[in-house]
Amino acid sequence: MPAKTALDADARGEAGETVGPLVRGVGVLRRLTEAGGTLSPSALERATGLARSTVDRITATLARMGSVRLDGRDVVLTAGVMELGNAYLAALRLPALLGARADALADELDESVSLAVADLDGIRFIHQATRRRAMSVSFRIGDLLPAERTAPGPLFATEWAEGDWARWRARRAADPADADFPAVPPRQTPGDDSAFARRVERARRNGWAADDQLIEPGLVAVSVPVREPGTGRPACVASVVSHTSRHSAAGLRTSLLPRLRTAVAAMEAELRTAPPPEPGPPPAGLATWTAASKHELGREFVESLARGLTVLTAFGAGRPALTLTDAARATGLSRATARRALLTHEYLGLVTAHADRTFTLTPRVLDLGFPPLSRTTLARLAEPRLRALADRVHEPAALAVLTGDGTEIQYTAGAGTSRVLTVDVTVGARLPAAATSLGRVLLADAGPPSPESAEVRARGYALVDEELESGLRSIAVPVRDRTGRTVAALNLATHPARRTLADCVHTLLPELRAAADEIQRDLHTASRFTRVALR
């Protein structure tokens, strides 16, 4: 179905109790995801078939939620939208339980290793341990692939009932080129559907499956199911992925399959012995902020969209299944409002309703912005925050990391100002760490103990006055990862004629800390289930 008419079809098909603005808002997030994370409002208008005024109200609401930012003429997905996918991955538990073993296998084999779950008649990645090479696999967490073109697909299909096969055949007839799977190249020739059935039977007999260049020439993979304790059904599938210049498909089976099976056995043991999750206090009032936003922004804020998306974040670690009462309590919404949101999410395929009156998230939640951001970098997360900071204080801002030997800093992002006299921050440039405010903040945690580093740690900032260069005064604060480790530093630079030392501390430092907090929040969200490169 063409993208322009997809939301029109949704609107015509809405059941009586679904929330129209939530349907349309989810559609906007999906179109942004398919486009790689950035579209202009006019392009969104064309892609969704919605009126421009509706697009503007939806994007304003998503911006208020921190899911997108309005960057000039573009709407851009931000790390905040990953909270939705994080809720699914946390509720699933598999990445937390098995991710470290997948990473260790990738290190052992020096090949990419992935974990995938079934998503109707497709497979969706929930963990990626990718080798960084010139020729490497580009799949991301959240990417959806057609089952018949993958190694995990036949393993999941061994569990299909006739209804699943009928759905698969209908999808293949409606989309023979796989146009609805943007993560894979379109088919150049029609597929042989009987060949997939034969692969499924081989997978049933062998307990493993292979992909011999089904996705594109050169790509090969071998997969083994990780089975649930008790039921024996595949909880997920672990795959080793390579290319034909390193391994043939037969070579993968000979050299790597035994070690993959050993790793999978350890994963299954992990699932058997893992203690039940210990959630903290259940969340409450997650959606109470929406009323204040509606009061402030008026009709530009679509409260039903904001409330509906917030319902998804009520799920999480220790909360994989929620009743209607649980969802209402967690969000602070009335039961009627929570019920309509859950029914809408069920209609959209984002939640599943169960006979015991609970709801669970589906892998389709990862469609809402996760893949384009799952391989982001700290610099990309920081750049809009740096620009906003520089615009507020009218001084240049920069982000830097410590080099491997600990003697220099390297600039990874920066934002300038329109002043005549200003600091020129060149991304990639290096400076002596000990002579810069950025370096002293980084050395306070990573360098050898000294009275100066202890003082910087105690104050939480470093202030350097004309030590690197005459006329250059700068102040810096740390940026910390989820464990509290300093991984980067953020600074503002000025001229002594513009700012006194006291002014740097009393005026610039609070702004600097606020920006660092924003960058840290984005980093913590983005890195919960993905790796965020620091440079």
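All residue numbers refer to positions in the sequence shown, counting from 1.
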Interatomic spacing from [atom1] in [X] to [atom2] in [Y] - rounded to 0.5 Å:
X	Y	atom1	atom2	value
L366	I141	CG	CD1	8.5 Å
F370	T33	CZ	OG1	11.0 Å
L286	R307	CG	CZ	13.0 Å
L105	S239	CG	OG	10.5 Å
L115	L97	CG	CG	11.0 Å
I519	L386	CD1	CG	5.0 Å

Will you find, in the side chains of [X] and [Y], an N or O donor that is under 3.5 Å from an N or O acceptor?
X	Y	answer
S374	R140	no
T403	E408	no
S450	S453	yes
T130	R375	yes

Grab the two heavy atoms, one from [X] and one from [Y], that are nearest each other, plus how far apart they are.
X	Y	value
L438	A476	N-CB, 3.7 Å
R31	A47	NE-O, 3.6 Å
S527	R482	OG-CD, 3.2 Å
L443	G406	CD2-O, 3.5 Å
A526	A79	CB-CB, 4.4 Å
H127	G99	NE2-O, 3.4 Å

Between [X] and [Y], is there a donor-acceptor pair closer than 3.5 Å when you use the side chain of the first and the backbone of the second?
X	Y	answer
E45	A51	no
T290	A287	yes
K294	V302	no
T313	T310	yes
T417	P396	no
D481	T483	yes
T426	A429	no

>> Using side-chain contact (heavy atoms from CB on, under 4.5 Å), reason through T48 and R24 one step at a time and then give a plain yes or no.
In response: CA-CA 8 Å; T48 61; R24 292 185 279 275; over 6 Å; no

>> Whether R459 engages the ring of Y461 as a cation-pi pair (distance to the six-membered ring centre under 6.0 angstrom, angle to the ring normal within 45°) should be assessed.
In response: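 Judged by the rule, R459 and Y461 form a cation-pi pair.
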
In terms of side-chain geometry, is the basic nitrogen of [X] or [Y] positioned less than 4.0 Å from the acidic oxygen of its partner?
X	Y	result
D503	R473	no
R149	D178	yes
D110	R246	yes
D119	R364	yes
R124	D367	yes
E300	R64	no
R387	D391	no

> How far apart are the C-alpha atoms of R485 and D445, what are their side-chain angles, what is the distance that settles it, and do they pass the salt bridge (Lys or Arg N to Asp or Glu O under 4.0 Å) test?
Replying inline: CA-CA 8 Å; R485 180 174 63 100; D445 278 354; over 6 Å; no

>> So if I apply the side chain to side chain donor-acceptor pair (under 3.5 Å) rule between T494 and each of H394, E395, R499, which one comes out positive?
In response: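 Among the candidates, only E395 passes.
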
Between [X] and [Y], is any pair of side-chain heavy atoms under 4.5 Å apart?
X	Y	result
I215	P185	yes
V241	V220	no
L29	V81	yes
R535	Y411	no
F139	L219	yes
L309	V26	yes
L109	V240	yes
V75	P41	yes

> Given V487 and L402, is the side-chain contact (heavy atoms from CB on, under 4.5 Å) satisfied, shown in steps?
Replying inline: CA-CA 8 Å; V487 293; L402 205 60; over 6 Å; no

> Does the pair D103 and R531 meet the rule for a salt bridge (Lys or Arg N to Asp or Glu O under 4.0 Å), with working shown?
Replying inline: CA-CA 11 Å; D103 295 344; R531 284 196 178 93; 3.0 Å; yes

> Hey, mind stepping through L361 and L350 against side-chain contact (heavy atoms from CB on, under 4.5 Å) and telling me if it holds?
Replying inline: CA-CA 6 Å; L361 298 179; L350 301 174; 5.9 Å; no

> Is there a salt bridge (Lys or Arg N to Asp or Glu O under 4.0 Å) between D56 and R52 once you walk through the steps?
Replying inline: CA-CA 6 Å; D56 289 344; R52 175 61 182 268; 3.0 Å; yes

>> Set out, in order, the CA-CA distance, both residues' side-chain angles and the distance that settles side-chain contact (heavy atoms from CB on, under 4.5 Å) for T530 and M82, then state yes or no.
In response: CA-CA 10 Å; T530 69; M82 297 179 78; 4.2 Å; yes

